[in-house]
2 protein chains.
Amino acid sequence: MDVPTHSNPKSLSETRRSKSIPYQTATAFRRASSTPTIMTGDTQTTPRAPRSDNRRVQLLDAAARLFCERGYHATSMRDIAKAVDMLSGSIYYHFDSKQAMLLAVYAEGARRIGQLVDVAVERETDPWKRLEAASAAHLHALNVSHRDYAQVMIRTLPQDADGISAQLREIRRHYEAKFRRLIEALPLPPDVDKHYLRLLLIGALNWSHVWYRPDGDRPEVVARAFIRALRRQAAERG
Amino acid sequence: MDVPTHSNPKSLSETRRSKSIPYQTATAFRRASSTPTIMTGDTQTTPRAPRSDNRRVQLLDAAARLFCERGYHATSMRDIAKAVDMLSGSIYYHFDSKQAMLLAVYAEGARRIGQLVDVAVERETDPWKRLEAASAAHLHALNVSHRDYAQVMIRTLPQDADGISAQLREIRRHYEAKFRRLIEALPLPPDVDKHYLRLLLIGALNWSHVWYRPDGDRPEVVARAFIRALRRQAAERG
DNA sequence: CGGTTACTAGCAAACGCTTGCTTGGTTAAT
DNA sequence: ATTAACCAAGCAAGCGTTTGCTAGTAACCG
């Protein structure tokens with residue numbers, strides 16, 4: 001159930017636009033990519049696949065947990081290293097920098113919530129039911145099944161990491177488009193502002209990490225209450 | 001218009017429970033308190049009032065601005081000192097620690113939003129209008145008139161400052177009680193869950209710092225849109 | 001299949017710099 | 001004359017990152 005479902009290295013690297021971004025060494029990039037990028041030069045040696053005891057995932061899990069618990073700036077590379085019983089310098093074999101780790105966690109968080117939402121939405125046909133399912137999946141990822149990764153993705157602001165702010169914004173924009181489409185599909189009277197309906201719902205969902213308690217109502221119950229409050233009876237009947 | 005309306009030192013110190021908390025020296029506390037606490041000992045000299053060129057407020061303004069822009073952990077005492085053209089060590093004449101500064105900014109933020117909300121609510125009588133006015137005031141403080149202080153108060157989580165987490169929680173609880181009362185007063189059918197109605201609204205309001213743009217709709221417009229979405233037509237007519 | 005080679009994954013130790021905070025002394029407002 | 005307010009200097013600890021090196025693993029070759 002709670003087994004971490006990491007993306008394979010390929011899909012991770014695909015969130016990156018170009019090899020020229022300065023947050024991963026050529027070596028680390030080659031590692032992360034499943035398709036061995038053989039250079040055009042003739043003296044180039046063919047790269048090798050990651051070893052079976054590769055601890056990149058362990059490292060990312062620890063980073064996600066600590067970034068979630070303490071926040072990015074309050075977590076040191078030594079903290080992360082200690083969590084997986086490693087020396088801080090060794091992290092730099094897997095990641096180019098602390099910011100690169102944050103970006104990786106953030107992207108993985110977006111991928112996980114996105115996947116959960118997609119699966120949940122597919123099962124429904126009614127527009128309101130689809131939105132409710134998406135909300136429940138979002139809440140579930142954020143507070144139950146993928147807390148660490150998802151909360152880093154939700155709570156990290158672009159200004160927290162200057163060098164990768166553009167990437168962070170793009171990832172979030174891409175995710176939120178799902179909700180934009182779901183709300184666009186709602187049968188609403190023309191006097192209802194879809195823009196603010198979206199901001200109202202997403203804001204409430206994202207704020208849930210502050211008040212959500214595992215021993216309280218389950219995500220589906222919360223989602224139903226939220227959608228119920230937004231779904232105006234009059235619009236329904238008309 | 002944008003003149004900072006700081007609380008006087010007395011009201012600030014009142015948010016503190018006891019003199020024994022370890023985040024302000026005896027000296028700094030005496031400074032902050034308007035009623036000079038004369039000790040029972042006989043050899044005690046009477047303390048003097050703060051000088052007219054006291055820069056405590058300037059310092060707090062700078063801290064609020066930097067905490068808001070970069071976050072608490074990403075801001076150093078030297079950054080704050082530099083912002084008011086001071087040496088970092090000199091800050092410790094006014095505040096006992098970095099955490100004490102955060103607490104002061106946080107408390108002042110809560111005071112300012114609280115005051116704006118109180119004033120706005122007083123002008124209305126209809127329960128829904130009162131809630132809408134409170135929402136507009138909240139949005140206004142958070143994104144326009146008291147951005148720095150208010151955003152620190154909203155965005156800072158208890159786990160960001162271990163030693164003062166209880167105080168932070170208490171201040172926030174006290175503020176949110178205003179919304180609890182406003183929603184309690186709404187004429188709602190019994191099937192509407194007031195608990196989740198509150199979480200929905202407050203979450204959306206607090207998330208506004210992510211998307212609010214000064215050249216977009218004014219806070220009152222946003223608040224009206226939010227309340228409109230929550231105020232179900234059916235309930236209104238019944 | 002055994003040996004050689006190539007390279008992954010990590011250790012150990014440091015680099016230069018920044019951190020929150022302290023202390024002793026000085027100046028200027030009251 | 002008193003002392004609020006600040007400076008100058010520095011402390012120990014911690015920061016992100018780099019470097020030189022090596023043990024162990026996997027792919028290849030005869």
Side-chain angles (χ1 to χ4, degrees), chain A residues 9 22-33 36 43-60 63 66-67 70-82 84-102 161-164, chain B residues 9 22-33 36 44-59 63 66-67 70-82 84-102 161-164:
Chain A
Y23 299 103
Q24 194 161 35
T25 53
T27 306
F29 181 82
R30 215 184 316 118
R31 285 286 137 262
S33 164
T43 56
Q44 204 70 30
T45 59
T46 62
R48 191 178 283 183
R51 241 156 61 182
S52 60
D53 59 343
N54 190 297
R55 300 212 275 155
R56 187 183 199 270
V57 171
Q58 252 186 85
L59 219 34
L60 213 59
L66 291 169
F67 289 165
R70 314 179 187 176
Y72 173 69
H73 288 291
T75 303
S76 73
M77 294 299 265
R78 284 170 175 82
D79 290 336
I80 300 171
K82 196 175 293 173
V84 300
D85 217 55
M86 211 183 250
L87 293 190
S88 63
S90 308
I91 298 180
Y92 290 84
Y93 174 76
H94 300 279
F95 299 93
D96 254 26
S97 66
K98 197 186 174 189
Q99 282 199 352
M101 290 200 89
L102 177 62
D162 266 4
I164 54 171
Chain B
Y23 299 103
Q24 193 160 39
T25 54
T27 307
F29 181 80
R30 217 185 313 120
R31 288 280 139 265
S33 164
Q44 203 69 30
T45 58
T46 63
R48 190 179 283 182
R51 241 158 59 183
S52 64
D53 59 345
N54 190 297
R55 299 212 274 157
R56 187 184 197 273
V57 170
Q58 251 185 84
L59 219 35
L66 290 168
F67 289 165
R70 315 179 187 177
Y72 173 69
H73 288 290
T75 303
S76 74
M77 293 300 265
R78 283 169 175 83
D79 290 337
I80 301 171
K82 197 174 292 173
V84 299
D85 218 55
M86 211 184 249
L87 292 190
S88 66
S90 308
I91 298 181
Y92 291 84
Y93 175 77
H94 298 279
F95 298 93
D96 253 27
S97 65
K98 196 187 173 189
Q99 282 198 353
M101 290 200 88
L102 177 62
D162 266 4
I164 55 172

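In what follows, chains are A, B, ... by sequence order, proteins preceding strands, each numbered from 1.
- Straight-line distance from the CD1 atom of A/Ile80 to the C1' atom of D/dG14: 15 Å, rounded to whole Å.
- With rounding to whole Å, A/Arg56 atom CZ is found 16 Å from C/dG10 atom C1'.
- The distance from atom CE of B/Met77 to atom C1' of C/dT22 is 12 Å, rounded to the nearest whole Å.
- Taking only side-chain nitrogens and oxygens, A/His94 never comes nearer than 4.0 Å to OP1 or OP2 of C/dT8.
- To the nearest angstrom, P of D/dC6 lies 7 Å from CZ of B/Arg51.
- For C/dG10, neither phosphate oxygen OP1 nor OP2 lies less than 4.0 angstrom from any side-chain nitrogen or oxygen of A/Tyr93.
- When the nearest nucleotides of DNA chain C are assigned to B/Thr75 and B/Asp53 by heavy-atom distance, the more 5′-ward of the two goes with B/Thr75.
- The side chain of A/Asn54 places no N or O atom within less than 4.0 Å of a non-bridging phosphate oxygen (OP1 or OP2) of C/dT8.
- Atom pair B/Phe67:CZ and C/dG20:C1' shows a separation of 12 Å (rounding to whole Å applied).
- Nearest nucleotide to the A/Ser76 side chain, out of D/dA8, C/dA12, D/dC15: D/dC15.
- Picking from D/dG16, C/dG10, C/dC21 the nucleotide with the shortest atom distance to the side chain of A/Met86 gives C/dG10.
- Remark: B/Ser90 is not in phosphate contact with D/dA5, judged by side-chain N or O atoms under 4.0 Å from OP1 or OP2.
- Nucleotide C/dG20 holds its P atom 10 Å from the NE2 atom of B/His73, rounded to whole Å.
- OP1 or OP2 of C/dG10 lies within a sub-4.0 Å distance of a side-chain N or O belonging to A/Arg55.
- At the phosphate of C/dT30, OP1 or OP2 sits under 4.0 Å from a side-chain N or O atom of B/Ser52.
- Around CG of B/Asp53, the count of heavy atoms belonging to other residues, nucleotides or ligands within 6.0 Å exceeds 12.
- Counting only distance, with no hydrogens or angles, the side chain of B/Arg55 and the backbone of B/Met86 share no donor-acceptor pair below 3.5 Å.
- Annotation: cation-pi pair A/Lys98/A/Phe67 absent, no NZ/CZ under 6.0 Å from the ring centroid and within 45° of its normal.
- In this structure, of D/dG16, D/dG10, C/dT30, it is D/dG10 that holds the atom nearest to the side chain of B/Arg78.
- Across all non-hydrogen atoms, the minimal contact from B/Gln58 to B/Val84 is O-CG1, 3.7 Å.
- The CG atom of B/Asp79 sits 14 Å away from the P atom of C/dC21 (whole-angstrom rounding).
- Applying the 3.5 Å distance criterion, the base of D/dC15 shares no donor-acceptor pair with the side chain of A/Ser88.
- For D/dT2, the base has a donor-acceptor partner in the side chain of B/Arg48 [N/O atoms by modelled type, under 3.5 angstrom].
- For the pair A/Asp96 CG and D/dT19 P, the interatomic distance rounds to 12 Å; values are reported in whole Å.
- The backbone N or O of A/Ala81 lies less than 3.5 Å from no partner atom in the side chain of A/Ser88, so there is not a single donor-acceptor pair.
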